[in-house]
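To keep things clear, I will list the structure first and then write my remarks on it.
Atoms within a ligand are numbered from 1 in the order they appear, just like the ligands themselves. One is the number of the first residue; the rest follow in order along the sequence.
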Amino acid sequence: MPERSPVIEVRGVSRGYALGRRRIQAVRHADLAVREGEIVGVHGPSGSGKSTLLRLLAAVEPPDEGKVLLGGRAAWSRRYGRPYRDPPRPGYVMPVFQNPFASLDVRWPIWRSVAEPVAIAGSLPRAGRRALAAERLDAVGLGGLDLDATPSELSIGQCQRVAVARALAASPAAVVADEPTSALDVTTVAGMLRLFKQVTADGTALVLVSHDQNMLHALCDRVYAMGAGRLEMIAY
Ligand code: ADP
Ligand code: MG
């Protein structure tokens, strides 16, 4: 049987940003392939390019060079001279941004943000989506939370958990999460890690950025270190 394509893959990707007259090279020629059910960890100092790498993996922004593949297909095509995002299906890869407010719509009640990926998939009526949001929030330990609260009424840690609930809501093929446990206490982190184990056991591919190297080594199939835009595997 032919081996299945990685769920997400970057090949030789680089990405830089203009800073005044200078150009910052955030990611340099990175290669990474993540298969079904794998958990891959990435750590590294601030400014080493971790968040940029995750945005490339999630096809949130296009690389300057190299290829991003989702399910073995190019994630970006060009239309009218511009990069055009072309995932296998909506919600195929879900990002959890480092700033949880970036993953949520601040004007919306949280149940709506959590259920939005399901609404886009178009498979459930509104009452069903609200019930599903309650279930997903319960899975991240926010069972008692008011479904109609808005992000500004929550703590950063609660927003992080809402962002994770949203990312997992519509059973994505892959989740890329940028320090999703940074504002959580140890008990809550443990619950979140159990949830990550569970969803990857069900086949989701997960890339996790964290400063907590011990946690990554305990949880992940592979751990990479980033330094000055370069990605290097340090444990398998
Ligand atoms: P990390 O997540 O490891 O802290 P980042 O990927 O956020 O690293 O940033 C890597 C480098 O790229 C940093 O020097 C940062 O200032 C720069 N950078 C990242 N995103 C942008 C952006 N949107 N505009 C300008 N510079 C950016
Ligand atoms: Mg970052």
Side-chain angles (χ1 to χ4, degrees), residues 8-34 38-70 75-76 82-85 93-106 151 155-164 166-168 172 174-184 188-189 192-193 196 205-217 219-220 222-235:
I8 42 179
E9 182 174 6
V10 291
R11 289 188 195 155
V13 287
S14 297
R15 173 78 183 173
Y17 301 99
L19 187 73
R21 291 170 162 224
R22 289 197 304 139
R23 193 164 174 82
I24 299 208
Q25 207 50 42
V27 171
R28 301 166 192 263
H29 305 291
D31 294 300
L32 181 62
V34 188
E38 269 191 313
I39 312 184
V40 168
V42 179
H43 65 79
S46 286
S48 59
K50 305 181 297 296
S51 294
T52 304
L53 176 72
L54 284 202
R55 291 195 301 272
L56 294 173
L57 282 166
V60 173
E61 54 185 79
D64 299 327
E65 53 174 320
K67 270 204 156 71
V68 180
L69 303 169
L70 297 178
W76 296 95
R82 286 164 175 269
Y84 185 87
R85 192 172 189 264
V93 49
M94 289 297 292
V96 177
F97 294 110
Q98 186 165 5
N99 170 2
F101 292 108
S103 300
L104 307 175
D105 191 312
V106 293
S155 71
I156 297 276
Q158 286 175 323
C159 285
Q160 272 186 334
R161 291 193 270 168
V162 175
V164 169
R166 169 189 158 84
L168 297 175
V175 174
V176 298
D178 202 349
E179 313 208 22
T181 59
S182 62
L184 306 183
T188 315
V189 170
M192 192 68 93
L193 300 188
F196 286 153
L206 175 65
V207 182
L208 198 57
V209 161
S210 174
H211 275 108
D212 188 342
Q213 296 190 33
N214 293 332
M215 184 263 272
L216 291 181
H217 285 286
L219 184 73
C220 299
R222 278 176 284 146
V223 179
Y224 290 75
M226 264 200 114
R230 296 205 183 269
L231 185 69
E232 192 188 337
M233 201 202 299
I234 52 168

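When only non-hydrogen protein atoms are considered, atom 4 (O) of ligand 1 lies nearest to G47 N, 2.7 Å. Nearest protein heavy-atom contact of atom 3 (O) of ligand 1 is K50 NZ, 2.7 Å. Taking atom 7 (O) of ligand 1 as the reference point, the nearest protein heavy-atom neighbour is S51 CB, 3.7 Å. Among protein heavy atoms, atom 6 (O) of ligand 1 sits closest to T52 OG1, 2.6 Å. Protein heavy atom in closest approach to atom 27 (C) of ligand 1: Y17 CD1, 3.3 Å. G49 N, 3.1 Å is the protein heavy atom nearest to atom 8 (O) of ligand 1. Among all protein heavy atoms, the one lying closest to atom 12 (O) of ligand 1 is A26 CB, 3.4 Å.
At a distance under 4.0 Å, no protein heavy atom can be found next to atom 15 (C) of ligand 1.
Assignment of I24 to the shell around ligand 1 is supported, since a heavy atom sits closer than 4.0 Å. Residue-ligand proximity: P45 is placed with a non-hydrogen atom under 4.0 Å from ligand 1. The closest approach between a heavy atom of M226 and any atom of ligand 1 is not below 4.0 Å. Using 4.0 Å as the threshold, G44 has no heavy atom nearer than that to any atom of ligand 1.
Looking at heavy atoms from C-beta onward, L208 lies in side-chain contact with P180 at the 4.5 angstrom threshold. Proximity of R23 to Y17: side-chain heavy atoms (C-beta onward) are nowhere separated by under 4.5 Å. Contact check for V176 versus I8: side-chain heavy atoms found under the 4.5 Å cut-off. With a 4.5 Å cut-off on side-chain heavy atoms, M226 and V209 do not count as touching.
Comment: R11 engages E9 in a salt bridge, judged by a side-chain N to carboxylate O separation of less than 4.0 angstrom. A salt bridge between R15 and D64 is present, with a side-chain N of the basic residue lying under 4.0 Å from a carboxylate O of the acidic one.
With R55 as the fixed residue, the side chain to side chain contact (heavy atoms under 4.5 Å, CB included) test singles out one of L57, T52, L53: T52.
Considering only residues two or more places apart in sequence or on other chains, Y84 meets the side-chain contact (heavy atoms from CB on, under 4.5 Å) condition with S77, R79.
Annotation for ligand 1: atoms under 4.0 Å from non-hydrogen atoms of S46 are 4 (O). Against a heavy-atom cut-off of under 4.0 Å, S48 is close to the following atoms of ligand 1: 1 (P), 3 (O), 8 (O).
Put simply, the angle at the Mg ion (ligand 2) from OE1 in Q98 to OG in S51 is close to 80°, to the nearest 10°.
Neither the backbone nor the side chain of E61 comes within 4.0 Å of ligand 1, counting heavy atoms alone.
Of the possible donor and acceptor atoms, one in the side chain of K50 sits under 3.5 Å from a partner among the backbone N and O of P45.
S182 and Q160 share a donor-acceptor pair across their side chains, judged by distance under 3.5 Å alone.
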